[in-house]
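Inspection log for the structure reproduced underneath, given as structure tokens.
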Protein chains: 2
Amino acid sequence: MVTARDIRQAYDQSFSSLDLNLSQASMIGYIAENGPMNQTELAAALVLGRAAIGSMVDQLETRRLVRRVPDPDDRRVWLVENTSAGSTLAVEIIRVDEQLRRRLRDGMSRAERQQLADFLVRLSANAATAAGGIGDLSPPNEIETHTPQTGDIND
Amino acid sequence: MVTARDIRQAYDQSFSSLDLNLSQASMIGYIAENGPMNQTELAAALVLGRAAIGSMVDQLETRRLVRRVPDPDDRRVWLVENTSAGSTLAVEIIRVDEQLRRRLRDGMSRAERQQLADFLVRLSANAATAAGGIGDLSPPNEIETHTPQTGDIND
DNA sequence: ATTGGACTGTATGGTGCCATACGAAGTGCA
DNA sequence: TGCACTTCGTATGGCACCATACAGTCCAAT
């Protein structure tokens with residue numbers, strides 16, 4: 001937990017020069033790489049709730065970094081896309097991200113990082129099953145139909 | 001980060017039967033194992049700010065689980081100690097903790113856990129130095145005189 | 001055509017934590 | 001003996017996120 005906080009802090013600080021926190025930067029970067037998407041998809045990608053995404057979009061929209069455009073196929077949904085200012089910022093974000101990643105990886109081999117990722121996934125799985133049955137010893141239920149997709153912000 | 005959240009959630013849920021969250025349980029457990037201590041020490045041990053500790057003590061004090069007693073040697077400080085109810089609860093806390101630890105370790109060898117801990121410490125160190133110099137390439141300053149003590153809630 | 005269920009984004013209230021600023025009390029130095 | 005400096009706990013305001021409930025919309029089945 002402490003490590004997670006340290007890393008988040010390092011990211012927040014790195015992005016503070018761009019006046020963004022980690023989540024905001026992730027959103028802009030993610031849109032830059034995957035194109036406009038609706039808020040529910042963003043929430044899934046960034047592992048946040050829909051409400052949190054909504055208020056993030058609010059903030060970034062007032063700063064003209066992203067923009068809500070109606071989805072022509074579904075009047076319920078907004079497509080969130082980067083403005084030109086947002087796109088410009090995105091390349092900087094990705095640059096900073098890669099730079100910080102390099103510093104975090106410092107002294108860790110590729111194999112080690114792979115193993116670390118593996119450990120974390122296993123821990124998460126254990127935590128999830130543990131959260132399922134509290135005091136009981138019941139077998140793990142069918143709660144997790146969502147084997148966490150790689151391709152998120154792992155690595 | 002996601003893993004950290006999952007673990008915290010598992011802990012919170014495990015302790016919810018005792019009507020405690022992870023931080024509260026950690027505090028009572030820590031006092032139970034190390035004896036009464038002042039709030040600054042508690043903050044360092046639980047890796048929280050002093051203000052957060054203060055309000056936690058407030059909560060637990062109204063529930064008569066801990067108690068503030070004046071430090072005879074320093075009139076600024078309160079020593080926080082478990083009440084008898086708190087001590088009773090502590091053994092339950094430790095039991096739940098050990099049980100959950102076992103479930104988290106599931107499928108991980110002792111060597112693997114050791115290695116994981118090592119990775120996390122290294123990552124934290126990297127994050128700390130990265131947080132020191134943002135865009136500059138200056139050498140790490142003397143900010144971190146506090147090599148994170150083992151003996152906390154690692155393992 | 002209507003209705004029920006599933007899904008989208010929003011509103012609201014709550015939680016846990018931080019950063020900052022403060023008064024009170026201790027400590028070192030002239 | 002006085003005066004700065006530090007340290008302790010507290011107060012305040014803010015942030016990021018969650019859970020829940022809700023209105024609007026889509027879709028499938030009658």
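Keep in mind that what you see is a predicted model, and the values were worked out from it rather than measured. In what follows, chains carry the letters A, B, and so on, assigned in the order in which the sequence lines appear, proteins first and then strands, with residues in each chain numbered from 1. Only this structure's heavy atoms are used, side chains among them; waters, hydrogens and symmetry mates stay out.
- Within the 3.5 Å criterion, the main-chain N or O of B:Asn126 finds no donor-acceptor partner in the side chain of A:Asp106.
- From B:Gln24, atom CD reaches atom CZ of B:Phe15 across 10.5 Å, with rounding to the nearest 0.5 Å.
- Distance B:Asp73 CG to D:dC8 P: 14 Å, rounded to the nearest Å.
- Sorted by residue number, the list of members of residues 57-64 of chain A with any non-hydrogen atom under 4.0 Å from DNA chain C is empty.
- A:Val77 belongs to a hydrophobic cluster with A:Val69, A:Leu79, counting contacts under 4.5 Å between side-chain heavy atoms of Ile, Leu, Val, Met, Phe, Trp and Tyr, direct or through other members.
- Two residues are said to be in side-chain contact when any heavy atoms from C-beta on lie closer than 4.5 Å; A:Glu41 and A:Pro36 fail this criterion.
- Nucleotide C:dG26 holds its C1' atom 16 Å from the CH2 atom of B:Trp78, rounded to whole Å.
- Counting only heavy atoms from C-beta on, B:Arg75 has its side chain closest to C:dA25 among C:dG9, D:dC26, C:dA25.
- Taking every side-chain heavy atom of B:Asn21 into account, C:dG16 is the closest of C:dG16, D:dC17, C:dT10.
- For A:Gln39 and C:dT10, the shortest distance from a side-chain N or O to OP1 or OP2 is below 4.0 Å.
- Looking at the side chain of A:Asn38, the nearest of the listed nucleotides C:dC17, C:dG9, D:dT10 is C:dG9.
- Mapped onto DNA chain C by nearest heavy atom, A:Asp74 and A:Ala51 fall at different nucleotides, with A:Asp74 at the one closer to the 5' end.
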Show each protein N/O and nucleotides 1-7 of chain D N/O combination with a separation under 3.5 Å, one pair to a line.
{"residue": "D:dT7", "atom": "O2", "partner": "B:Arg76", "partner atom": "NH1", "Å": "2.4"}

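- Applying the salt bridge (Lys or Arg N to Asp or Glu O under 4.0 Å) test to B:Arg67 and every residue at least two apart in sequence or in another chain returns B:Glu81.
- What separates CE of A:Met56 from C1' of D:dC15 is a distance of 13 Å, to the nearest Å.
- Within the 4.5 Å cutoff, no side-chain heavy atoms of B:Gln59 are placed close to those of B:Asn21.
- Of the side-chain N and O atoms in A:Arg8, none sit less than 4.0 angstrom from OP1 or OP2 of C:dC17.
- Here the side chain of B:Gln13 pairs no donor or acceptor atom with the backbone of B:Ala10 at under 3.5 angstrom.
- When rounded to the nearest whole Å, the span between CG of B:Asp19 and P of C:dT15 equals 12 Å.
- Rounded to an integer number of Å, the gap from CD of B:Gln9 to P of D:dC18 is 9 Å.
- At the heavy-atom level, B:Leu48 lies under 4.0 Å from the strands shown only through sugar-phosphate atoms.
- By the 4.0 Å N-to-carboxylate-O rule, A:Arg5 lies too far from A:Asp12 to be salt-bridged with it.
- Going from atom CG of A:Asp71 over to atom C1' of D:dT25 covers 12 Å, rounded to whole Å.
- Placement of B:Met27 and B:Met37 within a single hydrophobic cluster is found when ILVMFWY residues are connected by side-chain heavy-atom separations under 4.5 Å, directly or transitively.
- Under 4.0 angstrom from either OP1 or OP2 of D:dA16 there lies no side-chain N or O belonging to A:Ser23.
- You'll find that the side chain of A:Arg68 is closest to C:dG9, out of C:dG9, C:dA25, D:dC18.
- No path of Ile, Leu, Val, Met, Phe, Trp and Tyr side chains, each step under 4.5 Å between heavy atoms, connects A:Trp78 with A:Val57, placing them in separate hydrophobic clusters.
- Just one residue in the list A:Leu65, A:Ile28, A:Ile31, A:Asn82 forms a side chain to side chain contact (heavy atoms under 4.5 Å, CB included) with A:Ser87, and that residue is A:Asn82.
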Pairs: protein N or O with nucleotides 1-4 of chain C N or O, under 3.5 Å:
none

Show me the donor-acceptor pairs, under 3.5 Å and distance only, between side chains in residues 88-98 of chain A and residues at least two apart or in other chains.
{"residue": "A:Thr88", "atom": "OG1", "partner": "A:Ser84", "partner atom": "O", "Å": "2.8"}
{"residue": "A:Glu92", "atom": "OE2", "partner": "A:Arg95", "partner atom": "NE", "Å": "3.4"}
{"residue": "A:Glu92", "atom": "OE2", "partner": "A:Arg95", "partner atom": "NH2", "Å": "2.9"}
{"residue": "A:Arg95", "atom": "NH1", "partner": "A:Gln99", "partner atom": "OE1", "Å": "3.4"}
{"residue": "A:Asp97", "atom": "OD1", "partner": "A:Tyr11", "partner atom": "OH", "Å": "3.0"}
{"residue": "A:Asp97", "atom": "OD1", "partner": "A:Arg101", "partner atom": "NH1", "Å": "2.9"}
{"residue": "A:Asp97", "atom": "OD2", "partner": "A:Arg101", "partner atom": "NH1", "Å": "2.9"}

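- Counting to the nearest Å, the P atom of C:dC17 and the CD1 atom of B:Ile53 are 9 Å from each other.
- For the pair A:Tyr11 OH and D:dC15 C1', the computed distance is 21 Å after rounding to whole Å.
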